[in-house]
Amino acid sequence: MKTIYTLSDLRDWKKRTRDVTPSIRLGVLGDPVTHSLSPEMQNAALQECDIAQQYAPFQIAPDELETAIRLLGELDFAGLNLTVPHKIAALAFVDEVEERARKIGAINTIVFREGKSLGWNTDGPGFERAIREEFSVDLRDLRILLLGAGGGAGRALAYQCARENCERLVLVNRTFEKAQVLARELAAYFSGPRVLGPEARLEAIRWEESALRTQLGRTDLVINATSLGLAPLDPSPLPHALIAPHHMIYDLICRKAPTRLLAAAAESGARGANGLAMLLHQGALAFELWFDRPAPLAAMRAALG
Ligand SMILES: NC(=O)c1ccc[n+]([C@@H]2O[C@H](COP(=O)([O-])OP(=O)(O)OC[C@H]3O[C@@H](n4cnc5c(N)ncnc54)[C@H](OP(=O)(O)O)[C@@H]3O)[C@@H](O)[C@H]2O)c1
């Protein structure tokens, strides 16, 4: 059983981790965090590169985040990852934010350097690599429907799709206003003409079955960037009947056992993939930011099983 640390451990860190070797200098902050596979993957990378440090999970509630980031910096950590629900809130608690991450409005990686905390976002490029690896396609050729567009990961993916000039992007979010705001931010990326039909290249739609049905008829790639599926009994974010054989379904949830969405995709004859390839690539990019050297991809992939 891996040890999960808390804010109270951080307040008494030297004493609580006196016997831990190599010392913990990296970690992931989440609420919940037990599901995270980043510790297994990053510890494999550290071992492979002979770096005498460990990476640990931290259960941190939203109202503890600011203090946790400050304490971790003071404790001379090398860096952090952020998972649900901290990616957007964390932006306010770092000293500097890389330009792309600032536009996205969310960070998934922090680098502590020379007394400062620097925020980055590796989710978008990690996602792009994962889609190429899983489906042998490039984002620019796709009509994409993104569920969970208002979350930290969803915003990063939407920006990546826009930068790659994808054919169409449909933004869907439980809280519709967040999808509308994002559509306004991304409008300039979609102003150019493309080959396909008269439909708008960028839309925000309400999370309603009839609206989804209309859009899914002209969608190639469906992405689940909601947190639905994190708990094994969570319902599928899409009704089974709306999934067709021509769809590619990318579910960001990182579980080997198929989520309800991926099980429905398989039953419908659609291609589907879980979030492990994205976890791998976003984690490799974070490792490269912390250590300024290539990440050992094979060892990290093997650790994810
Ligand atoms: N594979 C990877 O490498 C990778 C990387 C990043 C994230 N992820 C996964 O992506 C998911 C989102 O992460 P995040 O950091 O973006 O979290 P987040 O910032 O907390 O955003 C959560 C998103 O899920 C939506 N949501 C939550 N509960 C919902 C429900 N019951 N029905 C419909 N929508 C719901 C939220 O909608 P509202 O805006 O309406 O609240 C929001 O869009 C998580 O499952 C995370 O594990 C995976």
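Both ligands and their constituent atoms are indexed starting at 1 by order of listing. Only a predicted model underlies this, so the values are computations on that prediction, with no experimental measurement involved.
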Using a 4.0 Å heavy-atom cut-off, say whether [X] meets ligand 1 through its side chain, its backbone, both or neither.
X	value
Ala153	both
Ala106	neither
Thr175	both
Lys178	side chain
Asn173	side chain
Gln282	side chain
Arg174	both
Ile253	side chain

Does this structure show an ion pair linking Arg143 with Glu199, if we count only N-O contacts that are shorter than 4.0 Å? no
Between Ser8 and Arg16: side-chain donor-acceptor atoms closer than 3.5 Å: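 Yes.
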Relative to the heavy atoms of [X], which atoms of ligand 1 are at a distance of less than 4.0 Å?
X	answer
Gly148	43 (O)
Leu230	45 (O), 47 (O)
Pro85	20 (O)

Check this for me - ligand 1, [X], N or O atoms closer than 3.5 angstrom, yes or no?
X	answer
Ser227	yes
Ala149	no
Cys254	no
Trp207	no

Distance from atom 9 (C) of ligand 1 to nearest protein heavy atom, with residue and atom: Leu252 CB, 3.9 Å
Which of parallel (below 30°), tilted (30 to 60°) and perpendicular (above 60°) describes Phe77 and Phe58? perpendicular
Under 4.0 angstrom from ligand 1, any heavy atom of Ile88?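 The answer is no, since Ile88 has no heavy atom less than 4.0 Å from ligand 1.
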A side-chain contact here means heavy atoms from C-beta on lying under 4.5 Å apart; do Leu212 and Leu147 qualify?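 Yes, at least one pair of side-chain atoms sits under 4.5 Å.
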Could you report the tightest heavy-atom contact between Ala286 and Thr109, atom names first, then the distance?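 Taking every non-hydrogen atom into account, CB-OG1, 3.6 Å.
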